[in-house]
Each structure stands twice: as C-alpha cells, then as structure tokens.
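First the structure, in the form of structure tokens, and then the observations on it.
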Amino acid sequence: WQCFRALCCKGPPPPQPEYNLVCIGLAGSGKTSLLSQLCSESPENIVSTTGFSIKAVPFQNAILNVKELGGIVTDNIRKYWSRYYQGSQGVIFVLDSASSEDDLETARNELHSALQHPQLCTLPFLILANHQDKPAARSIQEV
C-alpha cells in the first residue's frame, strides 16, 4: 500500500519560487508591451501605464512578479518611482533605442539614478534597448 500511495498520490507540486522585480523606463519605451508579450497577452489594445501595474510572469521554474512603473513624459510620476522599490530583487530598465537624443539623455540620467539608489544598487539590472526594429534605432554600443 505504501508503494502504491507513493506512486499515485504525490500531492500537489512544490510551489514555484517567486521573485519581485521592478520595471522602469521612460514613457513609450515599451515596458507594457514587453510584459504583455511575456504574459502571452494580445498586443492589441495596449495602453500606457499610468501609475503602476503588477503582472505575474510565469516561467518554467519560477514566477516573476513584475511591478511596472509608469514613465509619464513629465517628471511628475518618475519622482515617485523610489517609493515602489522596496522588496525588489531585480530591475528591468527599458529604453527606446530609437528615441531622440534628449530622451536618450533623460533615460541615461534615470538609469544612473536607479543604479545609485540604495534599494537598487546591489540588485541585478537587465537593461533592454527596445525598438531595435525601427530604422532610427541605435546599436547597443551607441546606446
């Protein structure tokens, strides 16, 4: 009976580990599109995030709880980003590689600010140079 029970009654699978990430970048950089694609959602009707949103991105052996912070064009929202950093275990920074030189400079400044923030400076960063398919896109070296 013990052998039969061990073979057919294993119980629920062990829980997957969960990791909390924060996703930041300027408006229009592609944060929402990236997360929608990772969650296998339809690319239609994507609306820029105002404030923040949280998505659970499933992977084979883990779940990424990604907190996307809106990148509204003005400083109004970005100055509050740091209030959402607590508990993060990694950072995804998305930039538009086809943006204007001014926007790219703003993105650089925001990235440097995030890299120096006490709650983020020791965390792994993924820097995604998005929109590489656009004609005006800069190479990784140029970014």
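Of the inter-residue distances, the one linking Asn130 atom CG with Ser29 atom OG reads 7.0 Å to the nearest 0.5 angstrom. Here CD1 of Ile54 is found 8.5 Å from CG of Asn20. Values are rounded to the nearest 0.5 Å. Atom OH in Tyr19 sits 11.5 Å away from atom CG in Asn65 (nearest 0.5 Å). To the nearest 0.5 angstrom, Leu95 atom CG is 7.5 Å from Leu111 atom CG. Between the SG atom of Cys23 and the CG atom of Leu34 there is a distance of 6.0 Å, given to the nearest 0.5 Å. Atom CG of Leu115 and atom SG of Cys121 lie 9.0 Å apart (nearest 0.5 Å).
Glu41 and Lys55 make their closest contact through OE1-NZ, 2.8 Å (heavy atoms, listed as atom of the first residue, atom of the second, distance). Listed here is the closest heavy atom pair of Ala98 and His131: CB-O, 4.3 Å. The two atoms that bring Cys39 and Ala56 nearest to each other are SG-O, 3.8 Å, heavy atoms only. Closest approach of Gln86 to Lys67, counting heavy atoms only: O-NZ, 4.4 Å.
Hydrophobic clustering (ILVMFWY, side-chain heavy atoms < 4.5 Å, transitive): Leu69 and Leu128 are in distinct clusters. Cluster annotation: Val91 is connected to Tyr84 through the hydrophobic network of ILVMFWY side chains, with a link wherever side-chain heavy atoms come within less than 4.5 Å. Residues Leu21 and Leu120 do not share a hydrophobic cluster, defined by chaining ILVMFWY side chains whose heavy atoms lie under 4.5 Å apart. A continuous path of Ile, Leu, Val, Met, Phe, Trp and Tyr side chains, each step under 4.5 Å between heavy atoms, connects Leu104 with Phe125, placing both in one hydrophobic cluster.
Counting heavy atoms of neighbouring residues, nucleotides and ligands inside a 6.0 Å radius, atom CD of Glu142 exceeds 12 of them. Other residues, nucleotides and ligands contribute at most 12 non-hydrogen atoms within 6.0 Å of the CD atom of Gln37.
You'll find the side chain of Leu123 stays beyond 4.5 Å of the side chain of Tyr85, heavy atoms only. Taking 4.5 Å as the limit, some side-chain heavy atom of Leu26 sits within range of a side-chain heavy atom of Thr106. Using a 4.5 Å heavy-atom cutoff, the side chains of Glu110 and Phe93 are in contact. Inter-residue side-chain proximity for Glu101 and Arg138 is flagged as met; some heavy-atom pair is nearer than 4.5 Å.
When atom types are taken as modelled, the side chain of Ser33 and the backbone of Gly30 share no donor-acceptor pair closer than 3.5 angstrom. A donor-acceptor pair is defined here as one N or O able to donate and one able to accept, closer than 3.5 Å; no such pair exists between the side chain of Gln89 and the backbone of Pro124.
A donor-acceptor pair shorter than 3.5 Å can be found between the side chains of Thr32 and Glu68.
Partner Ile92 forms a side-chain contact (heavy atoms from CB on, under 4.5 Å) with one of Leu126, Val22, Leu64 and no other, that one being Leu126.
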